[in-house]
Amino acid sequence: HVRLWDETLQMDYRLEHVRAKMAMLAGQASAEEVSSFGHLERLCAELACARGLIVSAPMWNYGVPYVVKQYFDCVLHPGLTFRETPGPEGLLGNGRPLLLLTSAGGAAGKDHLTPWLLDVASMAGFDNAKVVSAVSVVSRARAEVLAEMKLEVEKVAGHLLRQGPFCDLGELEADCSHEDLMAWLKRPRVGLSADALHTLESIRVDGQMFLS
């Protein structure tokens with residue numbers, strides 16, 4: 001659960017981080033450059049390991065709130081959350097569930113929020129999408145809007161939970177070690193690519209991170 005408005009959340013991504021990223025991709029990064037990218041790698045690891053993604057965002061001026069744009073700019077990096085095949089594909093493969101919860105004060109005659117969120121989420125492999133939207137919320141009672149959205153979410157949640165490459169996780173324990181988790185993920189029926197397995201090995205993902 002990432003609260004993008006939390007002031008303690010490190011989402012600093014400036015030109016020096018871009019230069020560090022380019023240097024790392026070229027294999028020429030200094031220790032200082034690698035260290036400067038550490039907080040972004042942690043955010044990337046959370047997204048790369050997620051079995052599903054829920055995004056709750058209001059529409060601002062027909063588009064996405066700036067903190068949501070900033071978050072995806074921080075986490076979408078080749079080799080960390082996606083690979084080019086030639087188009088982007090999530091490192092854990094595609095087909096993972098995505099639930100978008102959006103709202104608009106008016107009628108949302110123009111909507112650049114939803115298609116943008118669908119596109120950037122699919123880059124990381126979250127392309128099995130359902131969208132629940134509430135419009136004209138400024139002229140409606142809050143309780144009515146929330147009740148309506150709750151009903152829609154309940155309809156789609158069960159469907160999403162049964163989808164994707166990680167829907168059958170009953171054999172895993174939340175406290176399983178990195179080694180046990182990797183042994184499970186390397187089974188042929190899970191179907192992860194070599195790039196995905198290498199990434200999970202590199203960040204030492206364990207059961208607590210993967211199943212949380």
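Owing to the predicted nature of the structure, the values given are computational and were not obtained by experimental measurement.
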Quick one, [X] and [Y] - any side-chain contact, counting heavy atoms below 4.5 Å?
{"X": "Leu118", "Y": "Leu100", "value": "yes"}
{"X": "Pro58", "Y": "Pro65", "value": "yes"}
{"X": "Leu47", "Y": "Cys44", "value": "no"}
{"X": "Leu4", "Y": "Met11", "value": "yes"}
{"X": "Leu101", "Y": "Met149", "value": "yes"}
{"X": "His17", "Y": "Met22", "value": "no"}
{"X": "Asn128", "Y": "Leu98", "value": "no"}
{"X": "Thr81", "Y": "Met123", "value": "no"}

Mind checking the CG-CG spacing from Leu146 to Leu151? Nearest 0.5 Å is all I need.
11.0 Å

With distance as the sole test, does [X] use its side chain to make a donor-acceptor pair with the main-chain N or O of [Y] at under 3.5 Å?
{"X": "Ser136", "Y": "Ser139", "answer": "no"}
{"X": "Arg96", "Y": "Ala124", "answer": "yes"}
{"X": "Ser122", "Y": "Gly125", "answer": "no"}
{"X": "Asp111", "Y": "Leu113", "answer": "yes"}
{"X": "Asn94", "Y": "Glu89", "answer": "no"}

Hey, any chance Val2 and Phe126 share a hydrophobic cluster, counting ILVMFWY side chains that come within less than 4.5 Å of each other, even indirectly?
yes

Cluster overlap Val55 with Tyr66, hydrophobic side-chain contacts below 4.5 Å
yes

Just checking Tyr71 against Trp5, ring centres under 6.0 Å apart?
no

Which heavy atom in [X] sits nearest to a heavy atom in [Y], and how many Å separate them?
{"X": "Ala20", "Y": "Ser36", "value": "CB-OG, 3.7 Å"}
{"X": "Phe82", "Y": "Pro88", "value": "CD1-CB, 3.7 Å"}
{"X": "Lys110", "Y": "Met59", "value": "O-SD, 3.6 Å"}
{"X": "Gln28", "Y": "Glu33", "value": "O-OE1, 4.1 Å"}
{"X": "Phe37", "Y": "Leu80", "value": "CE2-CD1, 3.8 Å"}
{"X": "Cys74", "Y": "Tyr13", "value": "SG-CB, 3.7 Å"}

Verify the neighbour count for atom CG of Asp6: are there more than 12 heavy atoms of other residues, nucleotides or ligands below 6.0 Å?
yes

Show, in sequence, the C-alpha distance, side-chain angles and deciding distance for Val153 and Lys150, and conclude whether the side chain to side chain contact (heavy atoms under 4.5 Å, CB included) test is met.
CA-CA 5 Å; Val153 168; Lys150 181 175 182 291; 5.8 Å; no

Using the rule side-chain hydrogen bond (donor to acceptor under 3.5 Å, both in side chains), only one of His77, Gln70, Lys69 pairs with Asp73; which is it?
Lys69

Mind telling me whether Trp116 and Phe72 have parallel, tilted or perpendicular rings, with 30° and 60° as the class edges?
perpendicular

Cationic N near anionic O, under 4.0 Å, Glu148 to Arg140
yes

